[in-house]
Amino acid sequence: MAYWVLHVDLDQFIAAVELLRRPELAGRPVVVGGSGDPTQRGVVATASYEAREYGVRSGMPLRTALKRCPDAVYLPVDKPTYEEASAGVMAVLREFPVIVEVMGWDEAFVGGETDDPEALAAEIQVAVLERTRLHCSIGIGDNLLRAKIATEFGKPRGRFRLTKENWFDVMGERPVTTLWGIGAKTARKLEDRGIRTVRELAAADPAALAAELGPTMGPYYVQLGRGLGRRVVEGTPWVPRSHGREVTFQENLTDWAQVRREVAALARTVAAELQEEGRPAARVGVKVRFAPFVTHTRSTTLAAPTLDPDALENAALQVLDLFRPGRAVRLLGVRAEFERS
DNA sequence: TCTGGGGTCCTAGGACCC
DNA sequence: TCTGGGGTCCTAGGACCC
């Protein structure tokens, strides 16, 4: 038997979960995001396929979505419900004789031995649907990168196999942004060097890209172009590196005393959550987004890792004092980093 | 398009040390 | 005395992903 990587990705996950408890919305454009009020600051978490036909996309400001699709149903984000639905899906995956690597609420890699990965994928789709009433698409690959990219060609509710054999046939002429890990900024830099397609990236000189894009990332991008990447799904639980909280205010804060109070409150929230995890903070960072949209971060290493709320609050306020006060503030964030072992 | 909130990893420069 | 080279840590920012 051969080892295969499957990438399981729930279709329009958040919208699908909302539709399960509001079946009367089936067939209507549904947009989930922020507080559910599309006139407020916030972005689209997930748009149903019907809403996507109006050009509504994940990450789009809710106010833009409202202009494009005024008749959509707008719903607030309900994190606990999605976490529960996600846990249900992951539990189904773990019942198969495979290793499961969770990548987020709505996706996971599955690795296992089989001579018929399409049949395994179909079994998983049936089991997930029967147990959770959610549809998923599955990418099949000879490594994680190819499985992940394959999923897009299987959507919705389908399967697609992408391997060494068909990599360039399928991907060769597509733009580099199709690759997992290359966004608009990197694509622009590559285009400056005459690299636009996956095939062109695969043929690029790693050393030349190292000089331009960094010693690690340059050669890594060439590997991406060739469809190469990790081949084995890891089942070891993920150990978080940091934990933080941030908030965008509906109205910019102009009173610095209030900015201090908000940072103190965020620090205490983070401290309470660290206590639950039992993992002390080794560093504390503060993020400030000034109006209109300029973001700065400052951070400090603590004398010793701590869980003490007062110590974390004081550290966050000291870091905040490194900023020049007086400017209107749109967003504040506090993040704790754990000790790296 | 007026742009959330949760994260991860990489890069580069400066401090500091031997 | 105008000035090496390597290593590590700290910090801020950038890019990306879900």
Side-chain angles (χ1 to χ4, degrees), chain A residues 7 9-10 12-14 31-47 54-69 76-77 79 82-83 86 102-109 144-145 148-149 151-152 176-177 179-190 210-221 224 238-250 252 266 269-270 273 282-303 319 322-323 330-340:
Chain A
H7 178 255
D9 194 305
L10 281 302
Q12 50 168 5
F13 174 65
I14 289 174
V31 178
V32 185
S35 64
D37 179 349
T39 66
Q40 291 215 321
R41 286 179 174 171
V43 301
V44 175
T46 299
Y54 292 85
V56 178
R57 296 283 179 273
S58 295
M60 174 181 282
L62 285 173
R63 287 167 177 164
T64 305
L66 181 61
K67 279 182 210 154
R68 295 202 179 183
C69 193
V77 170
K79 200 172 146 188
Y82 313 143
E83 283 170 346
S86 175
V102 177
M103 297 299 289
W105 286 345
D106 66 340
E107 60 178 284
F109 287 105
L144 277 72
L145 173 69
K148 165 83 182 170
I149 293 172
T151 307
E152 287 311 308
V176 293
T177 47
L179 296 167
W180 185 34
I182 298 189
K185 298 290 176 73
T186 304
R188 199 175 314 139
K189 287 187 201 167
L190 291 170
E212 301 267 330
L213 297 164
T216 300
M217 298 311 285
Y220 171 70
Y221 293 139
L224 282 184
W238 178 253
V239 182
R241 269 74 161 158
S242 67
H243 176 78
R245 284 283 189 160
E246 58 187 67
V247 57
T248 293
F249 301 101
Q250 286 302 322
N252 296 339
L266 284 167
T269 300
V270 170
E273 288 162 348
R283 291 177 55 75
V284 174
V286 172
K287 175 156 131 183
V288 182
R289 177 168 292 149
F290 295 101
F293 205 76
V294 192
T295 309
H296 294 282
T297 61
R298 295 289 197 142
S299 60
T300 188
T301 299
L302 300 172
V319 172
L322 299 171
F323 292 88
R330 178 188 173 95
L331 168 148
L332 291 170
V334 172
R335 176 161 299 276
E337 287 178 40
F338 306 119
E339 208 148 32
R340 308 296 294 269

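Naming convention: chains lettered A, B, ... in sequence-line order (proteins, then strands); numbering from 1 in each chain.
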Q.
Rounded to whole Å, how long is the line connecting atom OH of A:Tyr82 with atom P of B:dG5?
A.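 Atom OH in A:Tyr82 sits about 15 Å away from atom P in B:dG5.
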(Q) Under 4.0 Å between a side-chain nitrogen and a carboxylate oxygen: does that hold for A:Glu246 and A:Arg289? (A)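 Looking at A:Glu246 and A:Arg289, the cut-off is not met.
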(Q) Please check if the number of heavy atoms outside A:Tyr54 that lie under 6.0 Å from its OH is greater than 12. (A) no
Over all strands shown, is [X] touching base, sugar-phosphate only, or nothing at heavy-atom distances under 4.0 angstrom?
X: A:Ala184; answer: sugar-phosphate
X: A:Lys148; answer: sugar-phosphate
X: A:Gly181; answer: sugar-phosphate

Q. Between A:Ser299 and A:Asp106, which has a closest nucleotide on DNA chain C that is more 5'?
A.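 By nearest-heavy-atom nucleotide position, the 5'-most residue is A:Ser299.
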**Q.** Considering all heavy atoms, the nearest A:Ile182-A:Val176 contact
**A.**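 That closest heavy-atom pairing would be CB-O, 3.6 Å.
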Q: Measure from the ring centre of A:Phe293 to the centre of the six-membered ring in the base of B:dT3, then say whether that distance is under 5.5 Å and the planes meet at under 30°.
A: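 Yes, the aromatic ring of A:Phe293 stacks with the base.
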Q) Do side-chain atoms of A:Gln250 reach the backbone of A:Arg41 as a donor and acceptor pair under 3.5 angstrom? A) yes
Q | Backbone N/O of A:Gly183 and side chain of A:Thr177: donor-acceptor pair under 3.5 Å | A |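 Judged by distance alone, no pair lies under 3.5 Å.
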Q.
In terms of relative ring orientation, are A:Phe13 and A:Trp105 parallel, tilted or perpendicular, with 30° and 60° separating the classes?
A.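 Rings of A:Phe13 and A:Trp105: tilted, 30 to 60°.
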Q.
Assuming nearest nucleotide by heavy-atom distance, tell me which of A:Gly214 and A:Arg330 is located more 5' along DNA chain B.
A. A:Arg330
Q: Using both pair distances under 3.5 Å as the test, note the stems of at least 3 consecutive Watson-Crick or G-U pairs that include DNA chain C.
A: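 Consecutive-pair runs (3 or more) involving DNA chain C: B:5-18 with C:5-18.
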